[in-house]
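For clarity, every value in this text was computed on a predicted model and none was experimentally measured. Here is the naming used below: chain letters follow the sequence lines, and residue numbers restart at 1 for every chain.
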Number of protein chains: 2
Amino acid sequence: MIVKPALPHSITGFVVSRPLRQNCANCGVRDVAPCRGLSDEGLVEVDRISYRKRVAPGGIIVREGDPASWCGVIVSGVVKLGKTSPGGRQQIVGLQFASEFFGQPFDETWRLSADAATPVDLCCFSQPAFEALRNKYPAFGGALLQDTVGALNAAREWVFVLGRKTAEEKLASFLLLVAERLGGEGCARGACATQAAGPLTCDLALSRTEISEYLGLRLETVSRQFKKLKEAGVIETSGSRTITFCDVGQLKRLADSELA
Amino acid sequence: MIVKPALPHSITGFVVSRPLRQNCANCGVRDVAPCRGLSDEGLVEVDRISYRKRVAPGGIIVREGDPASWCGVIVSGVVKLGKTSPGGRQQIVGLQFASEFFGQPFDETWRLSADAATPVDLCCFSQPAFEALRNKYPAFGGALLQDTVGALNAAREWVFVLGRKTAEEKLASFLLLVAERLGGEGCARGACATQAAGPLTCDLALSRTEISEYLGLRLETVSRQFKKLKEAGVIETSGSRTITFCDVGQLKRLADSELA
DNA sequence: CGTATATTTGAACGAAATCAACGACTGTGG
DNA sequence: CCACAGTCGTTGATTTCGTTCAAATATACG
């Protein structure tokens, strides 16, 4: 289990970006991030050309419309991808977790805003450096393609959740997502946590408001659905961000009821 | 303007799949599909290893859960990507148009069903042949990555539409999508059609039921919103599938009102 | 400990769903 | 040519789920 450092140099809401050299050999996501496609030689190069960004919870990573010059990999933390309509409505259109590729490698401007839900640690490359890396190490490009296809599948899954599900099902789906991605701390991909039978406690990275923005609901509705799940004995909460999953099987059933 | 042939050999609802050789030089999407990344030599190879599938409107291309062994490029037509919940609810989670990459190059089973909304023409590769192509021509992989990132952006855009928009805005967003992708027949990427001022007539590829499945609404609601848009003079319809956009600017405003 | 922020709860309202019926178009067979 | 069935789309009446508005309570933080 990886214990996250307490972010000594970060100030709430600000990006701390330094040309901090970080040895890939010690990197927690090395084997699951797109970097898995790199040879040892490639990793040496990554060590040389990459730099770190740390963002405190609530901090802005990038803003929609700003010029984009870099991209990278999420080393730790939870990133909210958001979109704001001209009218001012906000929607979280995706969540990203440790080991996922982050950014727009081909665009000149950011199409989405990105905010840190938890402390976020990014391994960054300039767009040209990133492209050079892809060209030099085709297996890196392959891994990246595979991950992007995976992200596309996840996004379409979420289209389904938003298009067809009720408020209760939406919240259940979100909680399952959290359980899978954050339940076994550091377990980046694969549903290791939700397979086990016993109760599972973890931190919901998101506030009620953020959850509502992700689910396309009002925060009052989210709060009421939480209450229902608690009354049904499926979950327990302590504080507003710590959740215990008492019955994951039932939660899965609720995430797609219609035939209980 | 490209006139589509009358699909001589296809039978409604069935896939006609033959090892039909097709010269890439004559291919309408050659320069926009991922194949744009291939050298002349590569295109010769594609000619050799690719085969065509034709599917009549309403026909099934692939079914969720079936073993996946191929992928390819949509040469013409509109493909509906659908997902069915265990409970039986259906949602169209994406639409795909000419020149887009189709399929799951890395998975063993199809995660989504795909159905033809119009006559569909696919240029197909077996998964191993496709992977070999990627490995041999890195620029092909690059183009594919670029397109996949684009598809991911489009999917997230749709998450926003489903999560935050009202019925009227959803329909307006859908109609704009149709205008952009189908308005300038054959114009595969880029919003050429919706820039012009004058009225624009085109075919809606989808039935009311299909539109409702795409927008996460009931068909009655879709019908009522059509009525509203017609009464507002933004669109006109003749038959149920031909639409004329009278005022694209107003439609864009309606697609994100909140501040008319 | 007090203030600001986040969450919960309540009551009234409204947009879209649901239930139900009707009309328009298509193709078939008498 | 028309009656018929079948599909698809429209329209109306009613209900429901989630929103909205409003207030109370809990939590975090200086």
Side-chain angles (χ1 to χ4, degrees), chain A residues 11-13 56-58 80 87-91 115 117-118 161-175 203-232 235-243 254 257-258, chain B residues 12-13 57-58 87-91 117-118 161-175 203-232 235-243 254 257-258:
Chain A
I11 302 160
T12 303
K80 301 182 287 172
R89 280 171 293 182
Q90 191 123 24
Q91 169 80 23
D115 301 83
T118 65
V161 170
L162 294 189
R164 273 283 110 86
K165 294 197 177 185
T166 64
E168 181 174 32
E169 293 168 325
K170 284 179 178 179
L171 181 59
S173 300
F174 166 74
L175 293 177
D203 199 273
L204 287 172
L206 268 52
S207 71
R208 296 288 184 272
T209 300
E210 290 169 322
I211 295 171
S212 78
E213 286 173 351
Y214 190 39
L215 297 177
L217 299 168
R218 302 275 100 181
L219 62 117
E220 295 94 328
T221 304
V222 170
S223 182
R224 284 182 239 276
Q225 297 304 332
F226 261 101
K227 191 185 179 188
K228 275 179 70 177
L229 291 178
K230 279 187 277 188
E231 284 171 354
I235 58 167
E236 282 168 14
T237 57
S238 88
S240 64
R241 287 200 176 214
T242 305
I243 186 168
L254 289 174
S257 31
E258 182 140 311
Chain B
T12 304
R89 279 172 293 182
Q90 191 122 23
Q91 169 80 22
T118 66
V161 170
L162 294 189
R164 270 287 112 86
K165 294 197 176 185
T166 64
E168 181 175 33
E169 294 169 324
K170 283 179 178 179
L171 182 58
S173 301
F174 167 72
L175 293 177
D203 199 274
L204 285 173
L206 267 52
S207 70
R208 295 287 184 276
T209 301
E210 290 169 322
I211 295 171
S212 77
E213 286 173 350
Y214 190 38
L215 297 178
L217 299 168
R218 300 275 101 176
L219 63 119
E220 295 95 327
T221 304
V222 171
S223 183
R224 284 183 238 275
Q225 297 304 331
F226 260 102
K227 192 185 179 187
K228 276 178 72 177
L229 291 178
K230 279 187 278 188
E231 284 171 353
I235 59 167
E236 283 169 13
T237 57
S238 86
S240 62
R241 286 199 175 215
T242 305
I243 186 169
L254 289 174
S257 30
E258 182 140 310

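- Between A:Leu171 atom CG and D:dC17 atom P the separation is 17 Å, expressed in whole Å.
- Between A:Leu215 atom CG and D:dT19 atom C1' the separation is 15 Å, expressed in whole Å.
- Contact annotation: side chain of A:Arg224 to base of D:dT20, donor-acceptor pair present below 3.5 Å.
- Residue A:Lys227 has its side chain nearest to C:dG10 when only D:dG12, C:dG10, D:dG18 are considered.
- Applying the 4.0 Å criterion to OP1 and OP2 of D:dT10, one finds that B:Ser223 has a side-chain N or O inside that range.
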Go through A:Tyr214 and A:Ile211 one step at a time and tell me if the side-chain contact (heavy atoms from CB on, under 4.5 Å) criterion holds.
-> CA-CA 5 Å; A:Tyr214 190 39; A:Ile211 295 171; 5.6 Å; no
Steps toward side-chain contact (heavy atoms from CB on, under 4.5 Å) verdict (B:Phe174, B:Val161) | CA-CA 9 Å; B:Phe174 167 72; B:Val161 170; over 6 Å; no
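- Distance, A:Ile211 CD1 to C:dA6 P: 13 Å, rounded to whole Å.
- Straight-line distance from the CG atom of B:Leu204 to the C1' atom of D:dC8: 14 Å, rounded to whole Å.
- Residue A:Leu219 is the one, among A:Arg164 and A:Leu219, whose nearest nucleotide of DNA chain C lies closer to the 5' end (criterion: closest heavy atom).
- The closest donor-acceptor contact from the side chain of B:Arg218 to the backbone of B:Ser212 lies at 3.5 Å or more, if one exists at all.
- Phosphate contact (OP1/OP2 of C:dA6, side-chain N/O of A:Ser207, threshold under 4.0 Å): absent.
- Looking at which nucleotide of DNA chain D each of A:Ala167 and B:Lys230 is closest to, the 5′-most match is held by B:Lys230.
- Side-chain atoms of A:Gln91 come within 3.5 Å of backbone atoms of A:Glu213 as a donor-acceptor pair (strictly under, hydrogens ignored).
- Between B:Arg218 and C:dT18 there is a side-chain polar atom (N or O) within less than 4.0 angstrom of OP1 or OP2.
- As a whole-Å value, the separation of B:Phe226 CZ from D:dG9 C1' is 11 Å.
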Can you check side-chain contact (heavy atoms from CB on, under 4.5 Å) on A:Leu229 and A:Glu168, steps first, answer last?
-> CA-CA 8 Å; A:Leu229 291 178; A:Glu168 181 174 32; 4.2 Å; yes
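- The CG atom of B:Leu215 sits 10.5 Å away from atom NZ of B:Lys165, with the distance rounded to the nearest 0.5 Å.
- Atom CG in A:Leu162 sits about 15 Å away from atom C1' in D:dG18, given to the nearest Å.
- Residue contacts shown for A:Leu217 are limited to sugar-phosphate atoms, with no base heavy atom under 4.0 Å away.
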Would you sort out whether A:Leu175 and A:Phe226 count as a side-chain contact (heavy atoms from CB on, under 4.5 Å), showing the intermediate values?
-> CA-CA 10 Å; A:Leu175 293 177; A:Phe226 261 101; 4.3 Å; yes
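- Between B:Lys170 atom NZ and C:dA17 atom C1' there is a gap of 12 Å when expressed in whole angstrom units.
- Following rounding to the nearest Å, A:Lys165 (NZ) and C:dA16 (P) show an atom-to-atom distance of 22 Å.
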Please list, for nucleotides 22-30 of chain D, all pairs of protein and nucleotide N/O atoms separated by less than 3.5 Å.
none

